[in-house]
Amino acid sequence: GAVVSQHPSRVICKSGTSVKIECRSLDFQATTMFWYRQFPKQSLMLMATSNEGSKATYEQGVEKDKFLINHASLTLSTLTVTSAHPEDSSFYICSAQRSGSSYEQYFGPGTRLTVT
Amino acid sequence: DAKTTQPTSMDCAEGRAANLPCNHSTISGNEYVYWYRQIHSQGPQYIIHGLKNNETNEMASLIITEDRKSSTLILPHATLRDTAVYYCIVLWNRDDKIIFGKGTRLHILP
């Protein structure tokens with residue numbers, strides 16, 4: 001149990017286009033999901049906290065108009081990178097917090113975004 | 001949240017116990033110690049967590065010093081698949097957002 005999936009696993013897009021990444025909790029409900037970004041040989045950097053039915057909370061320095069987050073259901077959160085540029089190329093990882101008593105966080109496998 | 005300090009990298013021979021240290025000298029009484037690891041190009045994987053007592057599960061053991069200012073993650077019989085970056089994290093609540101430090105890059109040597 002406690003599986004989190006991400007789709008797509010890899011995506012290549014042209015500069016100036018937008019790309020959507022999905023994060024799903026497959027066998028549990030997640031009131032809260034988190035989005036991270038990771039550049040090569042660096043640690044994960046928290047981008048935002050996504051709460052079901054409400055606006056996401058962005059970390060300092062993360063552009064909310066560029067990284068659109070929607071958490072429309074208890075099992076799905078999406079991250080849309082708008083007007084992508086090569087510097088947005090990165091590994092994007094989500095985590096889902098199981099609703100209920102345990103509040104454990106489970107991480108997705110990540111999405112590799114390459115902007116050409 | 002309390003900060004953690006970990007060695008940048010460590011080597012361990014396959015089959016031996018890997019002991020990964022973590023310093024968290026500013027930890028408060030209600031903060032948990034969590035360990036995650038990230039294998040290359042994958043999402044982080046939860047390993048173990050503890051508050052005051054030592055903990056053991058099927059993956060590892062966690063030894064927390066009596067003053068709680070440091071801890072050690074022990075992988076009892078390391079395999080090549082344990083090669084990863086290991087993150088020691090201190091959390092006030094289990095539903096805290098996780099802020100990752102640089103972690104320890106563990107190399108298991110054949």
Side-chain angles (χ1 to χ4, degrees), chain A residues 1-7 9-10 21 23-26 29-52 56-62 90-114, chain B residues 1-10 20 22-24 30-51 55 57-60 62 73 81-107:
Chain A
V3 176
V4 176
S5 70
Q6 286 185 237
H7 178 80
S9 57
R10 291 175 179 271
I21 302 170
C23 176
R24 292 182 185 272
S25 55
L26 298 185
Q29 293 185 331
T31 308
T32 303
M33 292 183 175
F34 301 90
W35 286 95
Y36 294 82
R37 179 168 56 178
Q38 186 175 34
F39 293 109
K41 297 191 182 302
Q42 294 187 22
S43 186
L44 290 84
M45 186 195 79
L46 179 65
M47 298 175 68
T49 301
S50 168
N51 292 300
E52 187 266 338
T57 303
Y58 291 81
E59 294 298 304
Q60 190 173 8
V62 178
S90 189
F91 192 49
Y92 291 86
I93 302 167
C94 72
S95 71
Q97 192 173 78
R98 188 203 297 259
S99 304
S101 61
S102 64
Y103 290 106
E104 302 292 346
Q105 281 191 44
Y106 303 92
F107 286 82
T111 296
R112 176 80 56 193
L113 169 63
T114 303
Chain B
D1 288 338
K3 302 296 184 188
T4 63
T5 304
Q6 299 178 251
T8 302
S9 66
M10 294 182 63
L20 292 91
C22 178
N23 286 323
H24 31 79
N30 295 323
E31 288 183 308
Y32 290 83
V33 179
Y34 275 74
W35 284 82
Y36 283 81
R37 74 178 182 184
Q38 186 181 26
I39 295 169
H40 182 62
S41 292
Q42 296 184 23
Q45 176 189 23
Y46 164 82
I47 301 173
I48 198 167
H49 74 280
L51 182 62
E55 302 288 343
N57 63 20
E58 64 277 5
M59 289 184 67
L62 173 61
L73 178 74
R81 288 176 295 180
D82 293 321
T83 293
V85 179
Y86 287 75
Y87 296 98
C88 170
I89 298 157
V90 172
L91 296 176
W92 181 264
N93 291 308
R94 291 181 176 183
D95 56 349
D96 268 355
K97 55 186 180 182
I98 296 175
I99 305 298
F100 288 87
K102 297 183 179 180
T104 295
R105 188 170 297 274
L106 177 66
H107 299 276

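The chains referred to below are lettered A, B, ... by the order of the sequence lines, with proteins before strands, and numbering in each begins at 1. Here the structure is a predicted model, which is why all the values come from computation and not from measurement.
- Looking at A/Gln38, only its side chain comes within 4.5 Å of chain B, counting heavy atoms on both sides.
- Of all heavy-atom pairs between B/Glu55 and B/His49, the closest is CG-O, 3.4 Å.
- For a residue to count as touching a neighbouring chain, one of its non-hydrogen atoms must lie under 4.5 Å from one of that chain's; by this rule A/Ile93 touches chain B with the side chain only.
- Options A/Thr32, A/Leu46, A/Val4 differ in how many heavy-atom pairs under 4.5 Å they form with chain B, and the most are formed by A/Leu46.
- Here the shortest heavy-atom pairing between B/Trp35 and B/Leu62 reads NE1-CD1, 3.4 Å.
- When each of A/Trp35, A/Phe34, A/Phe107 is tested with A/Cys94 by the rule side chain to side chain contact (heavy atoms under 4.5 Å, CB included), just one qualifies, namely A/Trp35.
- Across B/Gly103, B/Ser41, B/Pro44, the residue that shares the most heavy-atom pairs under 4.5 angstrom with chain A is B/Pro44.
- Relative ring orientation between B/Tyr36 and B/Tyr34 is described as parallel, the plane-to-plane angle staying below 30° on a 0-90° scale split at 30° and 60°.
- Proximity to chain A (any heavy atom under 4.5 Å) is shown, for B/Gln45, by neither the backbone nor the side chain.
- Looking only at side-chain heavy atoms (C-beta outward), B/Ile98 and A/Gln105 come within less than 4.5 Å of each other.
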